[in-house]
Amino acid sequence: MKVVNNNFPSIEQVTGKYLEQKSNPTKVEKEQITSFQDILLEKTVKKSYDAELKFSKHAVNRLSDRKIELSGEQLSRLNEGTKKANAKGIQESLVLVDDLAFIVNVKNNTVITAMDQAETGESVFTNIDGAVII
């Protein structure tokens with residue numbers, strides 16, 4: 001490092017020299033720089049909307065015991081209902097698809113239990129804070 005008149009080079013000069021970086025990024029380089037906040041937001045949104053709906057062991061047992069088979073279209077609608085519940089801030093949701101009822105933990109994107117219309121009995125659902133009819 002060369003000292004001229006007891007002046008040290010600026011940090012930008014040292015950075016450019018020793019790290020081989022340009023001191024002024026071009027317009028294209030600026031557009032390619034993504035902030036941490038943008039990446040975090042993208043990953044969070046993607047996770048909350050694109051995550052695959054999971055079924056708890058209890059829900060799988062209920063589906064099997066009650067001989068309930070979900071079609072691809074019904075599963076898609078259940079996923080859509082869960083997304084709508086999430087958008088409204090619902091934590092534990094009742095999602096009604098055709099004659100099937102599902103209790104979904106929206107935060108974990110997990111179906112807790114499932115039943116058909118014959119199993120709903122008195123049509124009373126507890127421990128939910130919202131319902132979505134699809």
Side-chain angles (χ1 to χ4, degrees):
M1 182 177 347
K2 184 176 176 183
V3 178
V4 180
N5 298 334
N6 292 330
N7 290 325
F8 291 96
S10 70
I11 191 71
E12 289 82 15
Q13 291 170 331
V14 172
T15 301
K17 182 176 180 180
Y18 291 104
L19 298 179
E20 299 179 18
Q21 295 177 347
K22 296 178 183 176
S23 60
N24 294 323
T26 65
K27 183 178 178 182
V28 173
E29 289 172 335
K30 286 181 183 178
E31 290 174 1
Q32 292 174 347
I33 297 172
T34 305
S35 73
F36 175 77
Q37 183 179 6
D38 292 340
I39 294 170
L40 180 63
L41 182 61
E42 177 185 329
K43 296 296 182 184
T44 304
V45 169
K46 184 175 182 179
K47 181 180 178 186
S48 64
Y49 289 107
D50 292 341
E52 187 70 29
L53 192 61
K54 299 173 284 202
F55 287 80
S56 69
K57 185 176 180 181
H58 176 79
V60 170
N61 289 338
R62 293 297 167 258
L63 288 169
S64 176
D65 293 346
R66 296 169 177 159
K67 296 178 178 50
I68 299 172
E69 293 185 25
L70 289 172
S71 68
E73 188 264 340
Q74 287 173 320
L75 186 58
S76 175
R77 289 172 47 211
L78 175 59
N79 202 19
E80 178 186 339
T82 303
K83 289 177 186 177
K84 286 183 179 184
N86 187 31
K88 292 294 184 179
I90 298 171
Q91 300 290 318
E92 297 285 334
S93 179
L94 167 68
V95 180
L96 299 173
V97 178
D98 299 331
D99 62 343
L100 303 173
F102 301 91
I103 303 296
V104 180
N105 180 307
V106 178
K107 180 180 176 184
N108 296 328
N109 209 30
T110 304
V111 176
I112 303 302
T113 194
M115 61 199 83
D116 61 9
Q117 191 172 18
E119 297 287 329
T120 58
E122 298 176 0
S123 298
V124 176
F125 299 92
T126 59
N127 299 327
I128 63 168
D129 60 343
V132 179
I133 301 168
I134 297 291

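Residue numbers count from 1 along this sequence. We use all heavy atoms of the structure for the numbers below, so side chains are in, but hydrogens, waters and symmetry mates are not.
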If I take atom NZ from residue Lys107 and atom CG from residue Asn86, how far apart are they, to the nearest 0.5 angstrom? 11.5 Å
Ignoring hydrogens and geometry, is there a side-chain-to-backbone donor-acceptor pair from Asn109 to Lys54 under 3.5 Å? no
Is the shortest heavy-atom distance from the side chain of Leu70 to the side chain of Phe102 under 4.5 Å? yes
Heavy-atom neighbours of Glu73 CD exceed 12 at 6.0 Å: yes
Spacing of OG1 belonging to Thr110 relative to CG belonging to Asn105, to within rounding of 0.5 Å: 6.0 Å
Under a 4.5 Å cut-off applied to non-hydrogen side-chain atoms, are His58 and Asn61 in contact? no
Mark yes when over 12 heavy atoms from residues, nucleotides or ligands other than Asn127 sit less than 6.0 Å from its CG; otherwise mark no. no
Is it true that a side-chain atom of Arg77 and a backbone atom of Ile134 form a donor plus acceptor pair closer than 3.5 Å? yes
To the nearest 0.5 Å, how far apart are CZ in Arg62 and CD1 in Ile68? 10.5 Å
With distance as the sole test, does Asp129 use its side chain to make a donor-acceptor pair with the main-chain N or O of Glu92 at under 3.5 Å? yes
Do any N or O atoms from the side chain of Ser56 and from the backbone of Val111 form a donor-acceptor pair under 3.5 angstrom? yes
Should Val104 and Leu78 count as side-chain neighbours, where that means a heavy-atom distance under 4.5 Å? yes
Min side-chain heavy-atom separation Ile103-Leu94 under 4.5 Å: yes
Taking all non-hydrogen atoms of both residues, which atom of Leu63 and which atom of Ala114 are closest, and how far apart? CD2-CB, 3.6 Å
Nearest heavy-atom approach of Ala131 to Ser93 is CA-OG, 4.1 Å
Apply the test side chain to side chain contact (heavy atoms under 4.5 Å, CB included) to residues Val106 and Gln91: give CA-CA distance (whole Å), side-chain angles for both, the deciding distance (0.1 Å), then the verdict. CA-CA 5 Å; Val106 178; Gln91 300 290 318; 5.9 Å; no
Minimum-distance pair of heavy atoms, taken over all atoms of Ala85 and Val132: CB-CG2, 3.9 Å
Between Asp98 (side chain) and Leu100 (backbone), is there a donor-acceptor pair under 3.5 Å? no
Flag side-chain contact, heavy atom, 4.5 Å: Met115 against Phe125: yes
